[in-house]
Number of protein chains: 2
Amino acid sequence: MKAFTKKQGLRTIEQIAKAAGVSTATVSRVINNPETVKAAKREAVLKVIEQNDYIHDGMAKSLAGGKTRTIGLVIPTITNSIYAAFTHSIQRIAQKSGYSVILVVSDFDEDKEKQLIRRLVERRVDGIILTGGEHDPAVFRALERHSIPCVFTWRSSEDNIHPSVSFDNYEAGLLAMEKLFSLGHRRIGLICGRTDVNDRAEKRWRSYVDALAKHDVEFDPELVFERDFEFIEGHTAMVRMIDNPEPPTAIFAANDIQAIGAISACRDKGLTVPQDISIIGFDDLPIAQFCHPKLTTIHVPASDMGHLAATRLFQLINGETLSDTDILPVKLVERESTAPVRALSEETR
Amino acid sequence: MKAFTKKQGLRTIEQIAKAAGVSTATVSRVINNPETVKAAKREAVLKVIEQNDYIHDGMAKSLAGGKTRTIGLVIPTITNSIYAAFTHSIQRIAQKSGYSVILVVSDFDEDKEKQLIRRLVERRVDGIILTGGEHDPAVFRALERHSIPCVFTWRSSEDNIHPSVSFDNYEAGLLAMEKLFSLGHRRIGLICGRTDVNDRAEKRWRSYVDALAKHDVEFDPELVFERDFEFIEGHTAMVRMIDNPEPPTAIFAANDIQAIGAISACRDKGLTVPQDISIIGFDDLPIAQFCHPKLTTIHVPASDMGHLAATRLFQLINGETLSDTDILPVKLVERESTAPVRALSEETR
DNA sequence: TGAAAAAATGTAAGCGCTTACAAAATTCAA
DNA sequence: TTGAATTTTGTAAGCGCTTACATTTTTTCA
């Protein structure tokens, strides 16, 4: 074992200072404000630093400086790759600004989320990006107590304290539903996330309900399925609907994962999308353009949202005050999974 | 603006100590070793802590204690969701042990990776999980200098210093190629990641080359494409192959993303998979079971690998010495995207 | 050329916690 | 009941850095 490799080399600012014949303050300056120290001295210090692979201690720096240069990102899941795009753009901004991001996955568990955010507070992150609107009140107390800036995403904040970057889930849902109605569908099924733990799912569910009402279609609980974000969940939900004595002619799947699962179920049951049944998704994941049939879906600005959220957070961290709410646009992307309803003989009501 | 919310409440261990009428040492003990302080006193302290939503300062704790309870995870991309499963299982283990994970995405850029790992060292993470085998030597110097344990994944380490948790990319590639040969294919195309920055891609590329040689098939550079992990890359590569005067009858796509992109291209060009062309993937992403046709692919133990890697890392962190290399099994999952070669009249050579 | 202004550097007091070690309180055994 | 053994608690010295303030050096300009 090489486990006992001697840690030779200078490891503290004090040792570097001594070796370079300057004070610790000067070393600190060449690291943090190089322009304030004279060139000759600066070079000397830098040389010692390089020769020793010196990497300063961020913990000590944070303690002394009151800044950790770390932000926390809280998302509900990484199974649904829509959050990958979101995460990615946040990472990019953070990296560019010299910040690290601690990624936290709550699994749609409010209690777990509270625990994890508590951990972020312990780590004294400089800011936090939160997903969705349902959080334990203790979370807010902790954030406020430690004056940790935070921005909400995926849903507009309802207080006016924290800025939010989001899009309108309800309007977006309506967009999907209206599309289906415009194609002549009236018997429409819904597959969405669990509305009890996911307020985005709840908003989309509501747009489903309202659209139905607007078009005088009776709500049929047999046609709505709240499931986890897994292909298989969309699949099993779809199977149940196909087996319904009065199956739907169209499905609003409130996320692409479930939509693709549903399409797969149709195929397994011998139905063709969109000829036999139309399916509209939500998210516009990259796969939506490459699956078969290509998925008609609602494009969600995940990357832009991440980008803007991170930007806003850094503004907050830098002391700017902004209580604005950013609402990003969504749009319907029509591809191949939707078509006009077929005038079936069995078309009832 | 509520920006000036007064931060009332006790915020340091010293204040808590005073309020509870004990010493800072005692407060520290009730937080870290509750069983060593008498019940009455412990309760008193706990009460003060609760009443004030006191959350201790992890920076100070780390500085004083020499442990950060944070690990770093370095992956090349989150676009390819195979890393999502991997990340997820690592997160789970870490959370259970009270650790946070700092996620770092290198984008296959060795230099960027070096920078980012440097940042992890600054943060004095207790350990690091690395993906792949190509890293700047400076990285190792830094890790060694600070005695930061690290485990390699997705490829077995070639030194005997760091343990690794991986599977055999070369054997796995052979598995795929042999399958294709066993179905009678001889004109086989390859789509894989960029071998210059991705040693997993390089290993798979090698298995392609070797398998060809073994079966006396001449290597045709027109049939190999090294691309990024995007559906569209698989798509365009496939289009090029279809347009080849002598198109392949089968494709080894060294990852599912590109495989699905390729399938989509076949459809766009009017070809049917697997009747007209067989495609075998690599990774076995969740989507592989729900796309059309269902993808024949190599199942990679991403979750298990994450689980084991995290376990090994914590063993290392806890001072256990293990220089072992774990090699996890892979397997071929046969689904619908492969079929025996058709005896085409134009079948040459 | 010399005094004042400006720039560069050093000194040392924290930042909030942990943990040896010392001191005090409690328990035990005869 | 008492002294030793044991348990509980307190004291204070760091951990490695930043930074206000003091001091020294350099520059400026009359």
Side-chain angles (χ1 to χ4, degrees), chain A residues 7 9-46 48-49 52-70 119 121-126 145-147, chain B residues 7 9-46 48-49 52-70 119 121-126 145-147:
Chain A
K7 329 177 200 167
L10 280 21
R11 319 189 59 256
T12 73
I13 210 175
E14 194 170 309
Q15 295 166 337
I16 296 289
K18 188 178 301 172
V22 300
S23 72
T24 61
T26 298
V27 177
S28 176
R29 287 189 192 101
V30 344
I31 294 173
N32 302 297
N33 301 89
E35 69 285 359
T36 67
V37 14
K38 256 216 299 228
K41 217 148 217 156
R42 192 196 320 143
E43 297 312 327
V45 172
L46 247 19
V48 178
I49 287 181
N52 289 275
D53 283 331
Y54 169 74
I55 297 184
H56 71 226
D57 186 320
M59 295 301 119
K61 175 173 178 151
S62 296
L63 216 214
K67 247 89 213 43
T68 55
R69 293 190 87 73
T70 301
R119 217 119 93 191
V121 175
E122 281 182 6
R123 301 226 134 78
R124 298 294 189 265
V125 292
D126 292 340
R145 171 76 105 239
H146 293 273
S147 317
Chain B
K7 327 179 201 163
L10 281 19
R11 318 190 59 258
T12 73
I13 210 173
E14 195 171 308
Q15 294 167 335
I16 296 288
K18 189 179 301 173
V22 300
S23 72
T24 61
T26 299
V27 176
S28 176
R29 288 188 192 103
V30 345
I31 294 173
N32 301 298
N33 301 88
E35 69 284 0
T36 66
V37 14
K38 255 216 301 231
K41 218 147 215 156
R42 191 194 323 141
E43 296 313 325
V45 171
L46 247 17
V48 178
I49 287 181
N52 288 276
D53 284 331
Y54 168 74
I55 296 184
H56 71 226
D57 186 320
M59 294 302 120
K61 176 174 178 150
S62 295
L63 216 213
K67 246 89 213 41
T68 56
R69 293 190 84 73
T70 301
R119 216 118 92 192
V121 175
E122 281 183 5
R123 302 224 134 77
R124 298 294 190 262
V125 292
D126 293 340
R145 172 75 107 238
H146 292 274
S147 319

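Computed from a prediction, not measured in an experiment: that's the story for all the values here.
Chain B approaches DNA chain D over the interval D:dT8 to D:dG16, counting the first and last nucleotide 5' to 3' with an atom under 4.0 Å from its heavy atoms.
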What do the steps show when you test A:R123 against B:T70 for side-chain hydrogen bond (donor to acceptor under 3.5 Å, both in side chains), and what is the final call? CA-CA 10 Å; A:R123 301 226 134 78; B:T70 301; 3.2 Å; yes

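Using a 4.5 Å heavy-atom threshold, the side chains of B:E14 and B:I16 count as separate. For the pair B:M59 and A:K61, the minimum side-chain heavy-atom distance is 4.5 Å or more. Taking the side chain as every heavy atom from C-beta outward, A:V30 and A:K41 never approach each other to under 4.5 Å. Put simply, the side chain of A:V125 does not reach to within 4.5 Å of the side chain of A:V121, judged on heavy atoms. Residues B:I49 and B:I31 are in side-chain contact: their nearest non-hydrogen atoms beyond the backbone lie under 4.5 Å apart. No side-chain heavy atom of B:T12 sits under 4.5 Å from any side-chain heavy atom of B:Y54.
Annotation: salt bridge (charged side-chain N to carboxylate O under 4.0 Å, His left out) contacts of A:R124 (sequence neighbours excluded): B:D57.
A:R145 places a side-chain N or O within donor-acceptor distance of the main-chain N or O of B:N52, the cut-off being under 3.5 Å. Proximity of a side-chain donor or acceptor of B:D126 to a complementary backbone N or O of B:R69 within less than 3.5 Å is detected. Side-chain N or O atoms of B:R42 include none that pairs as donor or acceptor with a backbone N or O of B:E35 at under 3.5 Å.
For DNA chain C, the residues of residues 56-67 of chain A within the heavy-atom distance limit of 4.0 Å (strictly under) are A:L63, A:A64, sorted by number. Residues from residues 23-36 of chain A lying near DNA chain D, meaning a heavy-atom separation below 4.0 Å, are A:A25, A:S28, A:R29, A:N32 in numerical order.
Axis angle across the helix from C:dT1-D:dA30 to C:dA30-D:dT1, with five pairs used at each end and values rounded to 10°: 30°.
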Show me the donor-acceptor pairs, under 3.5 Å and distance only, between side chains in residues 19-29 of chain A and residues at least two apart or in other chains.
residue, atom, partner, partner atom, Å
A:S23, OG, A:A25, N, 3.4
A:S23, OG, A:T26, N, 3.3
A:S23, OG, A:T26, OG1, 3.3
A:S28, OG, A:N32, ND2, 3.4

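For A:K41, no side-chain nitrogen or oxygen approaches OP1 or OP2 of C:dA8 to under 4.0 Å.
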